[in-house]
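Both counts, for ligands and for their atoms, begin at 1 and track the order of listing. Just so it is clear, the model here is predicted, and its values are computed rather than measured.
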Amino acid sequence: MSSVLRSVVTGVGSYLPENIVSNADLAKFVETSDEWIVERTGIRQRHNAAKGEFTSDLATAAARRALEAAGRTPADIDLIIIATTTPDLTFPATAVIVQRKLGCPVGIAFDIQAVCTGFVYALNVADGFVARGQAKCALVIGAETMSRLMDYKDRTTCVLFGDGAGAVVLEPGEGQGTTADRGLLGFALRADGTKEELLRVSGGPSSTGTVGYLTMQGGQVFRHAVVNIAEAVNLAAASAGIEVKDVDWFIPHQANQRILDGVASRLGLDESKVVSTVAKHANTSAASIPLAMDAAIRDGRIKPGQLLLLEAMGGGLTWGAAVLRL
Ligand code: ACO
């Protein structure tokens, strides 16, 4: 066997804002009910960032916890990639702001915009830097303040989303080029710009000069999600050289419990292998996968050496999956 450089996840961390908003809280100002939201989505609450608390603050807190878990300090970091669709500012990139807040040395820092699939895209990009020897210690972060994109008069969207951040530390590790290696083993990334109208935000710096509100054709998104995610999972498994049935844990993007169940059923997955945090976190877009991963590592379900499959779909449409051994 020839030796290969793998990008190994050496630490995971996450952060949720203190303010919890229950379904009953939302029902006070928009015509909805806890019963409707739970039945259609599985969501029971979400965390909302406080006034003056930005995406970079959430990302910085998650990154500190990931660094601690990895036994690293900000001084070790030479690459920061943040997946976000809710940056603090149009520019500079939120990754650069986080670099400053953490006190990391001059290195590489930039954002990736692939909406809810952003974390999977960011992992793939970071893997390229690590595998080429361009990064020795990388932070890959998904961080969002989705509450800032909500039209709180639109009950069809405002009940679905929440704020939060999750981060992983990636470091190079020697592998044998087999599926027993620790690290990132395979990916599938997809985008289809013809489906833009299904899920989008109505503003932007170059078009309206405003931030805009999130709009969605929920039923259509749902139908595409189950088919597209299952396709990406199979492609990523093939690219890693593993069988889907061999995966220890599925860590889906947490959009809606019914999508999680639909994908599990289409792939013939045992539901007990699916990590679900949607009830407590709601849809935190690019942050949802590392948030769920961190929750299941810290409560002892996910153990070192296990095979994980991450998957997501979001605005674009974009979708994708990644296979890694922890
Ligand atoms: N409370 C009460 N009633 C509501 C609410 C609400 N929050 N939202 C919609 N309704 C009403 C609608 O107005 C409609 O009423 P009507 O029949 O009088 O017109 C009724 O409920 C049914 O609406 P539908 O949109 O048909 O409800 P559906 O069963 O499709 O559920 C949902 C909507 C939950 C959005 C679903 O389509 C879905 O989960 N889609 C996936 C979208 C998603 O999760 N996107 C996240 C971003 S993409 C991603 O991350 C994968």
Original post:
Does ligand 1 have a heavy atom under 4.0 Å from the side chain of T41, from its backbone, from both, or from neither?
Top reply: side chain
Original post:
Any Lys/Arg nitrogen of K136 or D76 sitting under 4.0 Å from an Asp/Glu carboxylate oxygen of the other?
Top reply: no
Original post:
Where's the contact between V159 and ligand 1, heavy-atom distance under 4.0 Å: side chain, backbone, both or neither?
Top reply: side chain
Original post:
Do any heavy atoms of A225 fall under 4.0 Å from ligand 1?
Top reply: no
Subject >> Check: Q113/T85 side-chain N/O donor and acceptor closer than 3.5 Å >> reply: yes
Subject >> Residue pair H47 / K280: nearest heavy atoms and the distance that separates them >> reply: CD2-O, 3.7 Å
Subject >> For atom 32 (C) of ligand 1, the protein heavy atom that lies nearest, with its residue and separation >> reply: R258 NH2, 4.5 Å
Original post:
For the residue pair F129 and F110, does the interplanar ring angle fall in the parallel (under 30°), tilted (30 to 60°) or perpendicular (over 60°) class?
Top reply: tilted
Subject >> Atoms of ligand 1, numbered as shown, that sit under 4.0 Å from any heavy atom of C116 >> reply: 50 (O)
Original post:
Looking at atom 26 (O) of ligand 1, is any protein heavy atom nearer than 4.0 Å to it?
Top reply: no
Original post:
Are V247 and V323 close enough that some pair of their side-chain heavy atoms sits under 4.5 Å apart?
Top reply: no
**OP:** Could you pull out the closest heavy-atom pair between D246 and L307, with the gap in Å?
**Re:** O-CD2, 3.8 Å
Subject >> atom 16 (P) of ligand 1 protein-contacted (non-hydrogen atom, under 4.0 angstrom) >> reply: no
Subject >> Nitrogen or oxygen atoms of G218 and ligand 1 under 3.5 Å apart >> reply: yes
**OP:** Establish whether atom 19 (O) of ligand 1 and some protein heavy atom are separated by less than 4.0 angstrom.
**Re:** no
**OP:** Return yes when at least one protein heavy atom is under 4.0 Å from atom 9 (C) of ligand 1, and no when none is.
**Re:** yes
Subject >> Protein contact of atom 11 (C) of ligand 1 - nearest heavy atom, named by residue and atom, plus distance >> reply: R155 NH2, 3.6 Å
Original post:
When rounded to the nearest 0.5 angstrom, what is the spacing between CZ in R200 and CD in Q217?
Top reply: 10.5 Å
Original post:
Within a distance of under 4.0 Å, is there any protein heavy atom near atom 37 (O) of ligand 1?
Top reply: yes
**OP:** State the CG-CZ distance between D181 and R6, to the nearest 0.5 angstrom.
**Re:** 4.5 Å
**OP:** Verify the contact flag for atom 22 (C) of ligand 1, where contact means a protein heavy atom under 4.0 Å away.
**Re:** yes
Original post:
Does the N or O separation between S33 and ligand 1 drop below 3.5 Å for any pair?
Top reply: no
